[in-house]
Amino acid sequence: MAKLAYKPVGILLGAGAGMVAGLVFKQVWKVAGRDDDAPNATDEDRGWGEILLAAALQGAIFAVVKAAVDRAGAVGVRRATGYWPG
């Protein structure tokens with residue numbers, strides 16, 4: 001039952017995590033990169049190294065934020081219901 005009840009909560013948390021991760025990445029890239037905007041894979045003026053570094057950094061940040069948000073959501077559900085949703 002807790003798993004079913006957690007499903008909509010998990011979807012909302014996942015969407016929120018994606019937005020937070022995007023904001024965090026933009027701030028980190030401003031410090032790490034030479035430019036305020038992170039490169040896209042199709043940016044002609046950017047080199048392979050910069051594009052791959054940006055992609056790796058963005059992926060790592062997304063994974064950490066998503067894991068933290070998912071874990072916090074599961075802990076919250078356990079506190080509220082007494083059951084672990086996973």
Side-chain angles (χ1 to χ4, degrees):
M1 183 64 156
K3 190 173 187 176
L4 181 61
Y6 180 72
K7 198 139 194 104
V9 173
I11 291 170
L12 290 175
L13 289 175
M19 290 190 312
V20 169
L23 294 173
V24 170
F25 172 68
K26 285 182 182 184
Q27 294 303 314
V28 169
W29 188 257
K30 283 182 184 180
V31 174
R34 303 177 285 200
D35 199 353
D36 285 346
D37 294 327
N40 292 322
T42 57
D43 284 349
E44 187 177 16
D45 298 332
R46 307 284 182 103
W48 278 91
E50 186 178 11
I51 289 171
L52 296 179
L53 174 64
L57 185 60
Q58 186 176 25
I61 290 171
F62 178 79
V64 168
V65 170
K66 181 151 176 24
V69 169
D70 285 348
R71 183 67 180 199
V75 168
V77 167
R78 174 177 251 172
R79 287 183 184 153
T81 66
Y83 296 100
W84 191 259

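Computation of the quantities below employed the complete heavy-atom set of this structure, encompassing side-chain atoms and omitting hydrogens, waters and symmetry-equivalent molecules.
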Nearest heavy-atom neighbours spanning Ala38 and Asp43: O-OD2, 4.4 Å
Where Ala54 and Phe25 come nearest, the two heavy atoms and their spacing: O-CE1, 3.5 Å
Nearest-0.5 Å distance, NZ of residue Lys30 to CG of residue Asp37: 8.5 Å
Val69-Phe62 co-clustered via ILVMFWY side chain contacts under 4.5 Å: no
Any side-chain heavy-atom pair of Val28 and Ile61 under 4.5 Å: yes
Closest contact, heavy atoms only, Ala17 versus Val65: O-CG1, 3.6 Å
Residue pairs involving residues 20-29 (criterion side chain to side chain donor-acceptor pair (under 3.5 Å); sequence neighbours excluded): none
Separation of Leu13 CG from Arg71 CZ (nearest 0.5 Å): 14.0 Å
